[in-house]
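If you're wondering where the values come from, they're calculated on a predicted model, not measured in any experiment. Just so it is clear: chains get the letters A, B, ... in the order the sequence lines come, proteins before strands, and each one is counted from 1. Hydrogens, waters and symmetry mates play no part in the numbers below; they use all other heavy atoms, side chains included.
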2 protein chains.
Amino acid sequence: MDRPELGFLLSRLMREVMAREKPILDAAGLEMWDYAVLTALAESDAPTQAQLAASTGRDKTRLIGNLDRLEARGMVAREPDPADRRNRIVSLTSVGAKVLRGCRDAIEAMEAELLADLDPADRAAFERALTALAERSR
Amino acid sequence: MDRPELGFLLSRLMREVMAREKPILDAAGLEMWDYAVLTALAESDAPTQAQLAASTGRDKTRLIGNLDRLEARGMVAREPDPADRRNRIVSLTSVGAKVLRGCRDAIEAMEAELLADLDPADRAAFERALTALAERSR
DNA sequence: GATGATCGTAAGCGTGTGTAGATGATCCGT
DNA sequence: ACGGATCATCTACACACGCTTACGATCATC
């Protein structure tokens with residue numbers, strides 16, 4: 001009943017996950033935020049930069065630099081929205097999709113290893129509960 | 001099978017938890033780190049500042065400011081270690097313990113509310129798995 | 001006793017982060 | 001056609017963070 005608090009547990013686990021993700025992203029030459037942007041891009045459809053900033057939680061002025069670098073490496077494309085030419089529609093290129101797929105596979109394998117020691121039923125419940133909680137607070 | 005990644009889920013949930021903790025700590029005039037220090041202090045016994053820094057994960061030079069403020073408000077006491085006077089032994093005062101207890105109760109209530117919607121079995125498994133994972137990666 | 005190590009403290013550095021204008025292009029309502 | 005609003009961008013700023021260095025006090029060892 002008197003377990004450590006959620007915040008402490010979450011932050012500790014989060015640090016662990018990030019530490020394990022870092023070498024994977026380093027190998028692909030990506031920063032954490034680059035990866036978050038690519039992931040958000042793969043899930044949402046033709047977002048404007050403001051929408052992308054909102055969905056990733058990144059500050060919109062900071063997002064610009066990430067997009068600059070990703071665009072220079074041919075992973076994303078910025079094109080003016082034909083419907084409203086003030087907007088820039090960001091899209092994932094085939095190169096970007098390929099890099100993202102590689103990182104995502106490696107990260108999923110890392111996560112599987114991290115969760116391997118859990119009781120299978122607990123693990124399923126953990127993932128279910130975490131997804132529900134994260135989904136609700138959006 | 002293709003759920004969002006752990007890192008994203010964790011960071012999202014973490015932001016939610018912190019957002020809910022903030023008003024509680026604000027009411028007590030505490031920063032996040034202050035609260036982490038007080039909590040660590042309640043659990044460990046007569047720690048030196050270096051030990052406290054290690055157990056909280058805070059940089060030892062950054063810890064000083066927190067202790068200064070907590071000490072000025074009468075929540076912690078710093079005394080030279082009689083066994084080795086280079087060390088300063090930090091302890092929780094009765095005032096500090098009282099403030100900590102109040103925050104902790106409020107935060108536990110907040111967490112209970114946050115988790116209330118979960119299936120009871122899932123919730124128990126979630127807490128169990130999270131504790132195990134956080135424990136292992138220490 | 002002299003030397004080297006350890007602890008708490010202070011100050012500086014580089015980085016990451018959010019905010020606040022200012023600008024140019026563009027859209028919208030009148 | 002005009003004025004106000006919106007979007008991406010740039011610049012400057014303040015701030016928190018962790019890391020490094022330096023210093024004085026203290027201990028441990030020879």
Side-chain angles (χ1 to χ4, degrees), chain A residues 7-8 11-12 14-16 18-19 21-22 25-26 29-37 40-41 44-72 75-91, chain B residues 7-8 11-12 14-15 18-19 21-22 25-26 29-37 40-41 44-72 75-92:
Chain A
F8 292 170
S11 77
R12 210 187 286 270
M14 182 117 182
R15 234 183 304 154
E16 176 72 14
M18 281 192 166
E21 274 188 17
K22 186 157 190 316
L25 297 182
D26 280 354
L30 294 179
E31 318 242 335
M32 286 280 183
W33 276 115
D34 295 339
Y35 183 62
V37 168
L41 223 39
S44 67
D45 207 55
T48 174
Q49 290 187 202
Q51 292 168 345
L52 193 57
S55 71
T56 55
R58 186 135 177 86
D59 188 87
K60 92 184 148 112
T61 79
R62 296 276 151 190
L63 177 64
I64 298 175
N66 292 106
L67 290 179
D68 285 347
R69 203 151 23 89
L70 290 173
E71 189 178 31
M75 297 183 183
V76 306
R78 271 191 279 208
E79 290 174 25
D81 182 353
D84 182 344
R85 296 215 308 283
R86 291 171 302 182
N87 293 339
R88 303 285 195 93
I89 293 186
V90 189
S91 61
Chain B
F8 291 170
S11 76
R12 209 187 286 267
M14 180 119 179
R15 232 181 306 154
M18 283 192 165
E21 273 188 18
K22 188 156 189 314
L25 297 182
D26 280 354
L30 295 178
E31 317 243 334
M32 286 282 183
W33 275 114
D34 296 338
Y35 182 62
V37 167
L41 221 41
S44 67
D45 207 54
T48 174
Q49 289 188 201
Q51 293 169 342
L52 194 56
S55 72
T56 54
R58 188 141 178 80
D59 189 87
K60 95 183 145 117
T61 77
R62 290 268 143 198
L63 177 64
I64 298 175
N66 294 105
L67 290 180
D68 285 348
R69 205 149 20 91
L70 290 173
E71 190 178 29
M75 297 184 185
V76 305
R78 272 191 281 207
E79 291 174 23
D81 182 354
D84 182 345
R85 296 215 308 285
R86 291 172 300 182
N87 294 339
R88 304 283 196 92
I89 293 185
V90 189
S91 61
L92 205 57

Heavy atoms only, 4.0 Å cut-off, all strands: where does [X] land among base, sugar-phosphate and nothing?
{"X": "B:R58", "result": "sugar-phosphate"}
{"X": "B:T48", "result": "sugar-phosphate"}
{"X": "B:N87", "result": "sugar-phosphate"}
{"X": "A:R85", "result": "sugar-phosphate"}

Think B:R58 forms a cation-pi with B:W33, using NZ or CZ under 6.0 Å from the six-ring centre and within 45 degrees of its axis?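 Satisfied, under 6.0 Å and within 45°.
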Atom-pair distance ([atom1] on [X]; [atom2] on [N]), nearest Å:
{"X": "A:R78", "N": "D:dC7", "atom1": "CZ", "atom2": "P", "value": "16 Å"}
{"X": "B:Q49", "N": "C:dA10", "atom1": "CD", "atom2": "C1'", "value": "13 Å"}
{"X": "B:L67", "N": "C:dG8", "atom1": "CG", "atom2": "P", "value": "10 Å"}
{"X": "B:I64", "N": "D:dC23", "atom1": "CD1", "atom2": "C1'", "value": "13 Å"}
{"X": "B:R62", "N": "C:dG8", "atom1": "CZ", "atom2": "C1'", "value": "15 Å"}
{"X": "A:E71", "N": "D:dT9", "atom1": "CD", "atom2": "P", "value": "8 Å"}

Please determine whether a side-chain nitrogen or oxygen atom of A:W33 lies at a distance below 4.0 Å from atom OP1 or OP2 of C:dT17. yes
Less than 4.0 angstrom between a side-chain N/O of B:R88 and OP1 or OP2 of C:dT6, yes or no?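 Indeed not, no polar side-chain atom of B:R88 lies that close.
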[X] side chain near [Y] side chain, heavy-atom distance below 4.5 Å:
{"X": "A:L67", "Y": "A:R88", "value": "no"}
{"X": "A:R78", "Y": "A:D68", "value": "yes"}
{"X": "A:M75", "Y": "A:L30", "value": "yes"}

If pairing means Watson-Crick or G-U wobble with both distances under 3.5 Å, then the partner of D:dC30 is C:dG1
Should the side chain of B:R86 and the base of C:dT6 be counted as holding a donor-acceptor pair, with the cut-off at 3.5 Å?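 Side chain to base: pair present.
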I want to verify a distance call: between C:dT26, C:dT9, D:dC10, whose nearest atom is closest to the A:D84 side chain? C:dT26
Which residue lies toward the 5' end of DNA chain D, B:K60 or A:D68, if each is placed at its nearest nucleotide?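 Its nearest nucleotide being more 5', the pick is A:D68.
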